[in-house]
Amino acid sequence: MKAITVPATIDQLEHVLEVVNFDLAEHNCSTRSQMQINIAIEEILVNIAHYAYRQDSGEATVQWEITGEPPHITIRFLDAGNPYNPLEREDPDITLPAEEREIGGLGIYLVKKSMDAMSYEYEDGKNILTIEKMLRA
């Protein structure tokens, strides 16, 4: 599995996307899948940057691997911030007008809907969020 560890700040997003997108291009990832993967990476990294460490600073590690035929990518996000399972949060009611919805949760909802699989575990003091996506879907 390839990996990159960066400070858990929003300004690291472009660097992470650049590194992962290089691999996606080498595996002929469809434009649609690449866009969905990029949005998922952005949503998850922004959540880590904003919420994982609260007042403290910390790091985020992104691990990825492209395998199989047809190829799919598995991406793991690791942080040592506050334990939080985003999959336990109830999905937002998208039938309500935006001004009537509770704040938050829409980004993770988008990730859930656009990825083929998503899971969470807390192990050895780390949040580990895993997403999977077919590259030619």
Side-chain angles (χ1 to χ4, degrees):
M1 216 173 227
K2 295 180 180 180
I4 183 171
T5 299
V6 296
T9 59
I10 295 172
D11 62 341
Q12 295 297 314
L13 176 62
E14 289 303 317
H15 179 60
V16 172
L17 288 174
E18 183 180 299
V19 173
V20 175
N21 281 325
F22 181 81
D23 251 10
L24 292 174
E26 285 189 339
H27 287 84
N28 299 316
C29 180
S30 72
T31 302
R32 178 182 176 170
S33 293
Q34 182 176 1
M35 184 174 55
Q36 291 172 327
I37 292 164
N38 285 340
I39 290 169
I41 290 170
E42 179 177 352
E43 290 296 336
I44 294 167
L45 284 179
V46 165
N47 280 350
I48 292 170
H50 283 160
Y51 306 114
Y53 295 100
R54 303 288 179 199
Q55 306 296 336
D56 302 327
S57 61
E59 294 180 327
T61 297
V62 181
Q63 302 173 333
W64 70 98
E65 181 175 43
I66 299 173
T67 58
E69 192 53 48
H72 70 277
I73 189 169
T74 301
I75 306 173
R76 295 175 66 196
F77 300 84
L78 297 91
D79 69 78
N82 298 311
Y84 177 69
N85 181 353
L87 303 180
E88 289 179 343
R89 183 179 177 135
E90 190 173 319
D91 289 341
D93 183 353
I94 59 170
T95 63
L96 293 173
E99 60 274 0
E100 292 180 25
R101 286 187 221 145
E102 284 188 40
I103 294 174
L106 193 55
I108 291 297
Y109 175 76
L110 290 172
V111 174
K112 281 194 231 177
K113 293 299 180 187
S114 64
M115 295 296 107
D116 296 318
M118 189 171 180
S119 64
Y120 170 85
E121 59 186 311
Y122 186 78
E123 184 176 296
D124 296 328
K126 293 191 186 299
N127 292 293
I128 305 169
L129 186 65
T130 304
I131 59 174
E132 294 182 40
K133 179 73 177 167
M134 297 300 292
L135 298 187
R136 296 189 188 136

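We count residues from 1, following the sequence as given.
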Please examine the side chains of [Y] and [X], heavy atoms only from C-beta on, and report whether any two atoms are closer than 4.5 Å.
{"X": "L129", "Y": "P86", "value": "yes"}
{"X": "E132", "Y": "M115", "value": "no"}
{"X": "V62", "Y": "L45", "value": "yes"}
{"X": "V19", "Y": "D23", "value": "no"}
{"X": "M118", "Y": "I108", "value": "yes"}
{"X": "T61", "Y": "K126", "value": "no"}

Short side-chain to backbone donor-acceptor contact, [X] and [Y], under 3.5 Å:
{"X": "Y53", "Y": "E59", "result": "yes"}
{"X": "T74", "Y": "T130", "result": "no"}
{"X": "K2", "Y": "V20", "result": "no"}
{"X": "N127", "Y": "Y84", "result": "yes"}
{"X": "H72", "Y": "T67", "result": "yes"}

Using 0.5 Å steps for rounding, measure from the [atom1] atom of [X] to the [atom2] atom of [Y].
{"X": "R76", "Y": "I44", "atom1": "CZ", "atom2": "CD1", "value": "13.0 Å"}
{"X": "S30", "Y": "Q36", "atom1": "OG", "atom2": "CD", "value": "7.5 Å"}
{"X": "H15", "Y": "I4", "atom1": "NE2", "atom2": "CD1", "value": "3.0 Å"}
{"X": "W64", "Y": "I41", "atom1": "CH2", "atom2": "CD1", "value": "8.5 Å"}
{"X": "S114", "Y": "N38", "atom1": "OG", "atom2": "CG", "value": "11.0 Å"}
{"X": "N28", "Y": "Q34", "atom1": "CG", "atom2": "CD", "value": "11.0 Å"}

With a 4.5 Å cut-off on side-chain heavy-atom distances among I, L, V, M, F, W and Y, is there a chain of contacts connecting [X] to [Y]?
{"X": "M35", "Y": "L110", "result": "no"}
{"X": "F77", "Y": "I128", "result": "no"}
{"X": "L78", "Y": "L17", "result": "no"}
{"X": "I131", "Y": "I39", "result": "no"}
{"X": "L24", "Y": "V111", "result": "yes"}

Regarding N82 and Y51, is there a side-chain donor-to-acceptor distance under 3.5 Å anywhere? no

Count the heavy atoms belonging to other residues, nucleotides or ligands that lie under 6.0 Å from CG of D124, then report whether that count exceeds 12.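 No.
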
